[in-house]
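Note on naming: letters A, B, ... go to the chains in the order of the sequence lines (proteins, then strands), and numbering restarts at 1 for each one.
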Amino acid sequence: MTTSRLLSLEHWKGWLWSVIRFVLITGLSFVILFPIFQKISTSIKDKGDLYSAVVVWIPQNFSIDNFQQAIRVMDYWATLFNTFALSATTTLLTTASCALAGYGFARLKFKGSNLLFAGVILTILVPPTTILIPVYLNLKSFDLMGLMTLITGKSVNLLNTYWPFILTAITANSLKAGLYIFIFRQFFRGIPKEVEEAAYVDGAGIGRTFARIMLPNAIPSMVTVMLFSFVWQWNDSFYTTTYLTSSKVMSTQLSSLPYNLAQQVSDGASKADPFYLSMIQDTGILLAILPLIVIYLFVQRYFVESVERTGIVG
Amino acid sequence: MWGVIYVLPWLVGFVLFFFIPLLASLRYSMSTIQANAEGIAIQFTGVANYIQALTVNTSFNRALIESITDVLVNVPLIVIFSLFLAVILNQKFRGRAVARSIFFLPVILASGVIMSLESTSLIDAVNQNSTGGSALGTFELENLMLDAGVSEWIVTYLSSAVDRIYQIVSQSGVQILIFLAGIQTISPQLYEASKMEGATGYEAFWKITFPMVSPLIFVNAIYTIIDSFANNAMTELIRDTGFVKFDFGLSSAMAWVYFLAIAIILVIVSIMFSKRVFYQD
């Protein structure tokens with residue numbers, strides 16, 4: 001008698017918690033997805049629907065005019081190509097260099113390696129703003145310890161080229177690279193020593209062991225790092241707006257979008273309607289994040305499932 | 001020996017793109033810099049730039065205090081919120097995979113330009129006005145809590161958290177990820193044993209989950225602090241001073257004061273945590 005009552009109480013508690021959990025998760029998911037839905041709804045509206053009182057979500061007159069305008073003003077296809085090329089290059093180079101460094105710090109201890117790792121932590125802690133100006137001046141007249149002057153006779157201006165990104169990526173010092181080195185180090189530390197020793201016994205060198213045994217095992221953490229690095233490079237406005245002012249990549253185009261819109265969408269004499277401009281601007285944001293969402297849809301399953309094995313925790 | 005080779009690419013970059021610039025920035029912060037066609041002329045002026053930043057410049061102190069209060073207010077909220085969500089997302093329920101991928105979406109979307117353009121979007125503003133109810137809702141709740149005798153300070157803190165829920169959700173993607181990964185490393189036997197002893201889910205959380213993830217609370221607190229310091233009014237001001245007004249010296253001095261402020265906060269947080277964190281060894 002008493003046990004059955006207790007059981008039912010447990011049952012009710014479990015049921016109540018499920019309901020609360022469902023409401024919470026749905027609510028918060030809604031908060032996250034709402035801006036995206038809103039942008040989609042705005043982007044397919046016709047100009048006339050803006051002031052129509054009947055239209056809230058589903059437009060009365062569908063129109064792709066917003067997309068056409070945004071694509072034209074942003075020079076979308078060229079921008080997309082540039083951004084993709086930039087992000088993909090830095091992602092591959094950063095992942096490679098950070099994996100090397102992470103492995104070096106995790107497994108190949110040498111004199112002073114702890115001190116150097118403190119250096120990695122320091123790169124995470126110091127805000128990029130602090131070193132922005134010297135790096136900027138350095139890149140403006142790039143001169144590798146006088147090497148450039150020796151070869152070409154003068155220093156080179158690397159601003160408005162992709163070189164700053166490529167160079168920092170090769171040397172594991174690009175955007176948030178410290179974090180990636182940290183992730184890789186934690187992961188490699190978690191792999192049992194026996195795996196490595198077995199490979200050595202079989203006659204593999206350090207380079208071979210790393211390439212054949214360690215890297216294939218590190219795929220979960222590589223996916224994480226690659227996704228982070230691609231996305232953050234794609235969205236980055238800090239470095240791109242400083243180093244790449246005249247090149248057409250997504251974040252510079254986005255940050256100058258309000259200005260460009262005001263310049264290019266007015267009908268000659270009269271100033272364009274600010275609400276209309278805002279509508280195109282929202283469409284532009286949607287276009288900028290759309291590729292990311294598509295990529296995420298493809299990798300999210302792998303990403304989410306591999307989280308438990310990334311070794312962020314250590 | 002091999003270790004050096006693996007670390008070498010990073011080391012070159014560290015020296016070229018971090019360490020030398022860091023020293024240069026310290027030097028610039030104590031100099032006046034004249035940039036002309038020939039290059040730059042640097043003149044040592046001691047702490048003049050620091051004095052100017054702290055006493056003469058009109059926006060520096062305000063921006064600094066604003067960014068610091070912002071961080072102090074947001075960090076506890078983000079850490080608690082993401083721990084709570086990680087615990088929920090770890091439970092078994094239908095649609096968990098979908099819920100997880102939605103909650104990691106902000107990692108992808110919430111950054112830089114997109115955020116700043118969102119805040120200027122007229123369409124969003126209008127839509128928020130027309131829905132409107134949310135402010136009223138928190139208002140009612142506020143009165144309810146005040147009547148119940150909750151201290152006013154806590155009430156304002158919580159209701160402001162509710163109003164900024166989007167900001168908090170969108171800043172906690174990475175933290176949820178870290179907590180979730182941590183929770184999944186806790187051995188299930190611990191929970192089974194405690195269940196046999198008759199512990200409730202509530203007790204299991206405070207006695208098992210919480211101590212086991214406490215090192216990660218520390219990691220997340222640090223990450224959140226750094227993350228929220230990376231892009232705000234202060235960094236904007238530093239950039240403007242450097243690249244719009246071309247006052248590199250003043251800008252560097254501001255950046256160093258800012259860095260020191262962050263460093264002090266990080267040290268305080270580390271001390272606070274170091275005594276309470278439980279390490280399983």
Side-chain angles (χ1 to χ4, degrees), chain A residues 18 21 25 28-29 31-33 35 38 42 97 100-101 103-105 108-110 113 116 119 123-127 129-135 137-138 168 170-173 181 206 231-232 235-238 251 254-255 274-275 278-279 281-282 285 289 292 296 300 304 307-308 310 312-313, chain B residues 1-4 6-7 9-14 17-18 21-22 24-25 28 40 88 93 97 99-102 104-106 108-109 111-114 117-118 121-124 127 165-166 169 177-178 180-182 184-185 216 226 229-231 235 238 242 248 251-252 255-256 258-259 262 266:
Chain A
S18 302
R21 184 173 59 199
I25 293 204
L28 288 170
S29 301
V31 169
I32 295 172
L33 293 176
Q38 196 167 57
T42 310
S97 59
L100 281 179
Y103 188 66
F105 281 122
L108 312 162
K109 293 286 177 200
F110 52 93
S113 72
L116 287 184
T123 60
I124 303 177
L125 296 186
V126 173
T129 334
T130 311
I131 58 168
L132 185 66
I133 289 166
V135 173
L137 293 176
N138 186 4
T168 49
I170 288 177
T171 56
N173 265 275
I181 297 180
I206 287 184
V231 161
W232 283 335
N235 288 335
D236 166 60
S237 59
F238 187 79
S251 52
L254 266 187
S255 55
F275 281 96
S278 181
M279 191 162 147
Q281 182 181 313
D282 276 10
I285 298 176
I289 57 177
L292 292 180
Y296 183 67
Q300 60 85 12
V304 174
V307 161
E308 50 206 89
T310 47
I312 297 176
V313 201
Chain B
M1 168 58 208
W2 271 93
V4 181
Y6 273 76
V7 176
W10 170 80
L11 188 61
V12 171
F14 175 75
F17 298 112
F18 184 81
L22 191 67
S25 144
Y28 289 171
I40 49 170
I88 288 185
F93 57 90
R100 279 190 188 179
S101 37
I102 292 175
F104 297 146
L105 205 58
I108 293 182
L109 302 182
S111 52
V113 220
I114 297 168
L117 281 187
E118 299 256 293
S121 169
L122 275 173
I123 302 270
D124 276 4
N127 279 334
I165 188 74
Y166 180 71
V169 176
L177 209 94
I178 294 175
L180 198 58
Q184 279 166 348
T185 61
L216 296 181
I226 294 168
F229 268 129
N231 228 330
T235 56
I238 292 172
F248 287 148
S251 172
S252 299
W256 271 87
Y258 186 50
F259 172 49
I262 297 172
L266 288 177

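For the residue pair A:S97 / B:W10, no side-chain donor-acceptor distance below 3.5 Å is found, with atom types taken as modelled.
Residue with the most contacts toward chain B among A:I170, A:T123, A:V31, A:N138: A:T123 (heavy-atom pairs, distance under 4.5 Å). When each of A:I133, A:T129, A:L33, A:L116 is scored by its heavy-atom pairs under 4.5 Å with chain B, the top score falls to A:I133. With respect to chain B, the highest number of heavy-atom pairs below 4.5 Å among A:A101, A:G104, A:S29 belongs to A:S29. Each of B:L11, B:L266, B:I88, B:V12 has some count of heavy-atom pairs under 4.5 Å with chain A, and the biggest count is that of B:I88. Chosen from B:F14, B:F229, B:F18, B:F259, the residue pairing most often with chain A at heavy-atom distances under 4.5 Å is B:F18.
At a 4.5 Å heavy-atom cutoff, the contact between B:V4 and chain A is made by backbone and side-chain atoms alike. For a residue to count as touching a neighbouring chain, one of its non-hydrogen atoms must lie under 4.5 Å from one of that chain's; by this rule B:L22 touches chain A with backbone and side chain alike. Heavy atoms of A:I124 lying under 4.5 Å from chain B belong to its backbone as well as its side chain. Both the backbone and the side chain of A:F105 come within contact range of chain B, each with at least one heavy atom under 4.5 Å from a heavy atom of that chain. With a 4.5 Å cut-off on non-hydrogen atoms, A:S113 does not touch chain B at all. With a 4.5 Å cut-off on non-hydrogen atoms, B:I102 touches chain A through its backbone and its side chain both.
Residue A:F238 comes nearest to A:D236 through the heavy atom pair N-OD1, 3.0 Å, listed as atom of the first residue, atom of the second, then distance. Minimum heavy-atom separation, B:F93 to A:R21: CB-NH2, 3.5 Å. In this structure, A:L108 and B:G3 approach most closely via the heavy-atom pair CB-CA, 3.4 Å. Across all non-hydrogen atoms, the minimal contact from A:I25 to B:A99 is CG2-CB, 3.8 Å.
Inter-residue side-chain proximity for B:Y258 and B:T235 is flagged as met; some heavy-atom pair is nearer than 4.5 Å.
Proximity of the aromatic rings of B:Y28 and B:F248 is defined here by a centroid distance below 6.0 angstrom, and this criterion is not met.
Scanning for side chain to side chain contact (heavy atoms under 4.5 Å, CB included) contacts around B:P21 gives A:I131, A:P134, A:V135, with sequence neighbours left out.
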